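Quick caveat, the model's predicted, so the values are computed rather than measured.
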Amino acid sequence: MTGQQLKELENQLWEAADQLRANSKLTATEYSFPVLGIIFLRHAYNRFITAKAIIEENLPVHPQRGRRPINKDDFQHAKAIFLPEKSRWDYLASLPEGSDLGDILDDAMRNIEAEYEVLLDVLPKNYSLFEKDLLQSLIRIFNTELLSNVSGDVFGRIYEYFLNKFAMSGAQEGGEFFTPPSLVNAIVNIIEPNHGTVLDPACGSAGMFVQTGHFIEEEGFNPAEKVTFYGQEKADTNTKLSKMNMTVHGMDASILQGNTFYEDKHSLIGKCDFVMANPPFNVDGVDKSKDAVKKDKRLPFGLPNNDNANYLWIQYFYSYLNPTGRAGFVMASSASDAGHSEKLIREKLVKTGAVDVMVSIGTKFFYTRSLPCTLWFFDRTKETDDARRDKTLMLDLREVFRKVSSNLHDFTPEHIKNIHALVALYRGNNAPYHKAVAEYTQQSNDALKQANALWQQTALLGSSEKQTVLSAENIKTEKRLLNNALKIFTEAQKVLLASDAVKKDKAQKQECLKALHEAEDLVHQFNQLADTARCFYKSALWLTTNFPNGVYTDVPGLCKVVTQAEIAQNDYSLTAGRYVGVTPQIDEGFDYEERMGEIKAELKVLNDEAIALAQTIQNNLEELGL
């Protein structure tokens, strides 16, 4: 399944499932966990069927007793869950109309939990609260033939997609359990967690672990053979979500419930190769009078005087690392400049040499808050490296984002790839840089080849323009020519369709309409390919322009490598903007047409949101009888 096909499938499933909720009396929170449970069941059945076929094919055959029966252990070795008969998707999907699906689904979940201790009290079992018709419709949505033969990774992506959408809709305590994928990907690509012990002491839905698995798989390895995951989570619902998420992705993790301020469930101080987290910001009310806090070995630089817990988390992440470990975490921007006792702790941290990279992120990256944040990165290898311990990379990405909606921004895959390449150059590794440039070039060329093939068909649209070979630089001009050609062709078709001869000849009218639709489709395809080619071309150009020959250099307004002396001169501030300066504002060569296109796209987003809001208001008024 291609990326585009998966995206379309995700959209179809979400729209259908969300429409059901909109027409029910359930809140997003009440609805989210059970729906994720259905995705879990569907995925578990796919893995069960696949594993069963492989197991049966390889079962030993005894000369007298014949082939031995299949058992639960066989599924464990095949990395699949053994499903009791009444917990299998085919059984649930074939139940007759009117069946008491709520109780049946609750029993299906209990039967699975009875087989696996790690899932005990984890799966949702409140389906009896749902209306029968709603459950029947949900089963039908996920019973689509498209899901019958997809891989576990596809289900993992669908699970992540639903988590994301539920977070955006306000489910699960305002979305605090869910770190947006682009921030998770940025953290994973900067610390490169590809071996050993990985800890997230505020693991939420286990998004950090899932993306670590994807990162390792993209390097060509099996995550289960490279890393061991440990997580801790305070909230019961989030603990369950994380365990389900890991199971859906076919990965194992030791995830324990506990309040990280008072409990260190895994006792991993000084033992972790990687630590990743998005802890709750600016938490107050931590009881510092407790011995668990006052005598906490995870606070080597002291207990901050104020009620803010940010510098508790920051010290935890440092303390969990082994002498070669790396940490990456999200933190409130205010922590980078905090004063008084927090400044003293920050000064001690800087003097260790472990502060590796500081990244400023702009507003609107979270679903429930619009404040900016900062990504912190520690690398304890630097502490004993005389060439590196005095250096810290300051990276200001506040102006780097894609506008998803009026209140949500994110990073594109190309942004993530370029961030990874930039940080790797700072560390003296140019392999990600050259790999990214080569991939962009290949992807741009592939799109150009397809666009050129379509361009040769412009004569069919009545274009008299000279045929050219397109490149990423000139493709915008050619897009304009193609669109003009379509306008000419469309006008000609309108005249033809309006003629008396065509009005009387239905077959000819159908031919005209068919030709018009084909032309529109041709231009649409061409424009998509042209945009793709230019996107990859510009991504490669950004890297090669800022870092010629694959060598790191400070870029005003973007990045700067600073020394501990410079940080001391700035009152031990770790805010990137204080060091990188301002991007030169050069009007020459400004692409007004492209900016107008972006403004139009942003306007469309706002219009779509306005229409959706108006419809919601209208529905609410109708429900109130107004």
Original post:
What salt bridge (Lys or Arg N to Asp or Glu O under 4.0 Å) pairs are there with at least one residue in residues 332-347, not counting sequence neighbours?
Top reply: Asp337-Arg578, Lys343-Asp571, Glu347-Lys351
Original post:
Going by the side-chain hydrogen bond (donor to acceptor under 3.5 Å, both in side chains) test, which pairs reach into residues 314-332, not counting sequence neighbours?
Top reply: Glu192-Arg326, Asp264-Tyr320, Asp273-Asn322, Arg298-Tyr320, Tyr318-Arg380, Tyr318-Glu383, Asn322-Thr324, Arg326-Asp379
Original post:
Within 45° of the axis and under 6.0 Å from the centre of the six-membered ring of Tyr262, does NZ or CZ of Lys290 qualify?
Top reply: yes
Subject >> Charged N-O contact under 4.0 Å between Lys560 and Asp396 >> reply: no
Subject >> Set of residues satisfying side chain to side chain contact (heavy atoms under 4.5 Å, CB included) with respect to Thr384, sequence neighbours excluded >> reply: none
**OP:** For Asp106, enumerate each residue passing the salt bridge (Lys or Arg N to Asp or Glu O under 4.0 Å) test, keeping only those at least two apart in sequence or located in another chain.
**Re:** none
Original post:
Residues in side-chain hydrogen bond (donor to acceptor under 3.5 Å, both in side chains) with Asn305, at least two apart?
Top reply: none
Subject >> Val330 to Phe366 - nearest heavy-atom pair and separation >> reply: CG1-CZ, 3.9 Å
**OP:** Tell me, please, whether Phe301 has Lys348 positioned over its six-membered ring: NZ or CZ under 6.0 Å from the ring centre and within 45 degrees of its axis?
**Re:** no
Original post:
Can you list the residues that meet the salt bridge (Lys or Arg N to Asp or Glu O under 4.0 Å) rule with Lys125, with sequence neighbours excluded?
Top reply: Glu113
**OP:** Quick one: pull up CE in Met394 and CD in Glu566 and give me the separation to the nearest 0.5 Å.
**Re:** 9.0 Å
Original post:
Between Asp18 and Arg21, is there a salt bridge with N-O shorter than 4.0 Å?
Top reply: yes
